Structure formats: structure tokens, C-alpha cells
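Heads up, the thing below is written out as C-alpha cells.
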2 protein chains.
Amino acid sequence: MDVRRANKIAEDLEQFILTGEYADGERLDEVKLAEQFGVSRTPIREAFQQLTVSGLVEQLPRRGVFVRQPGPVELLEMFEYMAEIEAVCGRLAAKRISDEALGLLEEANAKCEEAVQKGDADEYYRKNEQFHHLIYKQSGNGFLEQEAFRLHRRLKPFRRIQLHLRGRMKQSLAEHKAIVEALNDSKPEEAANALRDHVAVQGEKFHHLMIKMKSAAE
Amino acid sequence: MDVRRANKIAEDLEQFILTGEYADGERLDEVKLAEQFGVSRTPIREAFQQLTVSGLVEQLPRRGVFVRQPGPVELLEMFEYMAEIEAVCGRLAAKRISDEALGLLEEANAKCEEAVQKGDADEYYRKNEQFHHLIYKQSGNGFLEQEAFRLHRRLKPFRRIQLHLRGRMKQSLAEHKAIVEALNDSKPEEAANALRDHVAVQGEKFHHLMIKMKSAAE
DNA sequence: AAACTTGGTATTGTATACAAAAAAGTTGAC
DNA sequence: GTCAACTTTTTTGTATACAATACCAAGTTT
């Protein structure tokens, strides 16, 4: 099926923004982007509309569009929200997860463990992602799953940073095990709490990193 | 400040879709809409991009855009999600709510009570909305607040239907009181549970209505 | 009669032209 | 040298033109 051009452009731009290729406040030049993508301004502008709704970009009338990286406060809010969303997924998944999915979850976790032993942060990152996506799915609520997925994606670049902190991978893995256990025992509240804490700690680690970076800059 | 034209058009179209003015699967005609709004196709198309991201409309390449009303399953999923989101708001608000906001909440609830006595469903609806928005805000998380607001808005037309069910307003009011109490006593889990149930029952009532409508149609 | 062309029409997607507004640059007064 | 008014240049927003594709209906073939 022929994907829409504007969609593809929007995705590309989203990628650039999420990976931090474009700095906060930077103006996105219509004509320059049109040249880069080898199209006219029209599809570029359509892509801008999409990015605006996603909140990755801000349109000021008659001024242009500017990338909008979340500030420290918004970022903490997003992490808190993510923690709560995952907790909800866990709570529902504890009631609804299938044996098969539980097997897949343990499998993904085993791969995480391998990655920890190899000290391969990238591999850990990928398998960790699978682990979480599985839980989203097992919430049994497609809408919730999509929302969780969306936010997870949005926070990707910020989550990645703190994974390289000393001992974080090992700790993360231990948390995973607690989560699997709660799901296996069909204990909704425990699963929710385990997942909330697991994600919240990411936010805290990130917060910690931010403060360090800030004081280092002074 | 001069609002963007495409934004305004998108809002208008969103309104039409949310109020059910456009049926599910209906194609939105670019040229017809362009005439109606007195603009060219360009701003219409930009509005379409926004609606697509919001999920209110689906774009099939080279075919056009079609309104996408949520089906029964998706609707139930959305209600469940809403219930969980509100529960989260309640949990956080119980820890963070200010005395002032608590006063406003009781005030809004008193207005709800008046509306019940007058049997004014519309007035009840408005005050009920204020009540919920206050709780979103008191979660102390702006991002969460926005997400809750967005979904609340999306579910508006479906929530409205079930409010006219016999005795629903009175029951709803009683639930409100339990919520206020939990917030007042700073009991996060109770607030969360009260809010979850309060919203979940809306979903159930709606589900019930759907089945009735379906069987009536046979 | 069903399925398969074929020509015509309508509709989408993209480029481009043009108008309106903002930004940048220039001149001139003090 | 600084600031203000004016001019030029960019840039955004919108309309329109045009190409490519999908849709539809009549006619043709099997």
C-alpha cells in the first residue's frame, strides 16, 4: 500500500526531533526542507500539521514552526504519567494475561538477563522494550496499548540516557522479575505498584542526571 | 492573536464529528467543504492531517478521508481507559489538592445537587464537567491533566446519552460525595477507586444502552 | 450472463503562483 | 552613534493549475 508522502515526511521529522537532531526552539524552514525532501512546500506543511497535534512542534501564526522539546518540568510530568499508565497496564494484565504471553514475557526477560551479563546496553534496551510492549498488549485494552506505546516512544531518547548509569541495568532486571512474578500470581495491585516504581525510578534517575548536567554547566 | 485557519477548520470538523453530525464511514469531500468554508482545498487538507492524528478520521491513499466513529469495542476500551486515568488523577490529587481547590470542588458538587433537584440534566452535565476538570487539575501534573481533558472531550457525546437514564444523576451525585470525602481525607487509594468506579459505571451504562438499542433495531 | 476492456469523469496529490505579513536592511535626522 | 521611518527581501498562507490515480458506466468478448 502506498503510504502518504506527508506521513512519511512527518515520521522523518519526528525522528529528527526525538533523537534531538533539532534543538529546542529551532525553526523548521519550509523551503529548505522542501528542497531536502525533494518536494514542494505543500507536503511539508501537511507534515507540520501532524507534528503540531503530536505536540512536537509549535506553530506561531505568520512566524513559522518551531521544535518544542519538553522542559524539565514537562519531562518529569511525562515520566510520572508514563509510570501511572504502565501501572494501569500491569493491573489489567495481571487479570487478563494468557499463559502464552507469560511465557513470552519470561523469554524476553531472559534475553534481558543475557544482555546484562554481556554488558550490552543496546541489546538490553531492545529487549526491555519488547518486555514492556508485551505488557501493554496484555492489558487487553487496545486503546490503552496504543497510548502507552505512543508515550513510550516519546520518552525513548530520555529513557535511553539513564540506562548507562552504573548498575541501572541490573537493578532494572530485578524489577522486571518482580513484575513477572506479580503477573504470574495474578496480583493486580502488586503488578501495578511494581511497574509504577520501575518506571518512576527512570524518571528519578533522569532527574538526577539533569541536575548533574546543570551543575556541571555552571 | 490570529488563530490559524486550518486549526479553526479542524476544530469545526471535530465538532461535527463528535456531535455525530457525520456518520461513521462517511467521506469528507474536499471541494464541498472548501466551498462551505469559503476557502480553497489547501486549508481543508491541512485540517484533515490534524484530524487524522487525533484519530477522528482515516485517510486512505488516493481514496479520501473518512470519518471514523469508534465501534462498540473501542468505545468500551476508551471508557475503561478514562476510568483508569481519572483514578490516577484522584490518587495524585488526594496527595496534592489544596484547601482552596477542595472548596471549589464542594461548591461544584453543590451546584450538581441543585441541578438534580431541579431535574436539569444539562445543568448537571455542565457542573459535573467542572467537577471532573478540577480533579484533573489538582493531580498537579499538567501533562496528565491535558490527556484527561482530551479523552473526556472525546467521550463527551457518549457520556451524555446515559445521563438521561432514570436515577443516574442521583447515583452520580452520591459517587461525587464519596470522591470528595476521599480527597478531603487524603486517602489516595480510596479516591482512585471511587473515581474509577464512578467512570466505569458510565461505561457500563453506555454498554447497556448499546445492547438495548441493538436489540430494539432487530 | 459474467467478466473484462475502455473511455470518460471525478478526485486526490503536488507544484507553483500570488498576496499578505514579518524580518532585514537602508537611509537620514538628530 | 542611535534611533526611527521607509524600502527591500523573506517567508508564510492561500488559491489555483496540472498530473496521476481511482471510479463509473457502457460496450465488448467469452
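Any value given below was found using the heavy atoms of this structure, including those in side chains, with hydrogens, waters and symmetry copies removed. Within every chain, numbering begins at 1; the chains are lettered A, B, ... in the order of the sequence lines, protein sequences first and strands thereafter. As the structure is a prediction and not an experimental result, all values here were calculated from the model.
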>> Please evaluate residues A/His152 and A/Phe149 with respect to the criterion ring-ring contact (aromatic ring centres under 6.0 Å, His included), reporting the C-alpha separation (whole Å), side-chain torsions for both, the decisive distance (0.1 Å), and the verdict.
In response: CA-CA 5 Å; A/His152 185 92; A/Phe149 195 85; 7.3 Å; no
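- Within 6.0 Å of the NE2 atom in B/His207, the count of heavy atoms belonging to other residues, nucleotides or ligands does not exceed 12.
- Side-chain contact of A/Thr19 with A/Glu21: a donor-acceptor pair under 3.5 Å is present, judged by distance alone.
- Looking at every heavy atom in both residues, A/Phe206 comes nearest to A/Gln162 through N-CB, 4.4 Å.
- Annotation for A/Asp99: atom CG does not count as buried by contact number, only 12 or fewer foreign heavy atoms lying within 6.0 Å.
- Shown are A/Arg153, A/Arg150, A/Lys156, A/Lys8; of these, the salt bridge (charged side-chain N to carboxylate O under 4.0 Å, His left out) with A/Glu14 is made only by A/Arg153.
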> Going 5' to 3' along nucleotides 9-18 of chain C, which nucleotides have protein heavy atoms under 4.0 Å from the base (write B), which only from the sugar-phosphate (write S), and which from neither (write -)?
Replying inline: --SBBBBBB-
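- A salt bridge is absent between B/Glu80 and A/Lys95: the closest approach of a Lys/Arg side-chain nitrogen to an acidic carboxylate oxygen does not fall below 4.0 angstrom.
- Computed from C1' positions of five pairs at each end, the angle between the two local axes of the helix from C/dA1-D/dT30 to C/dC30-D/dG1 equals 20°, rounded to 10 degrees.
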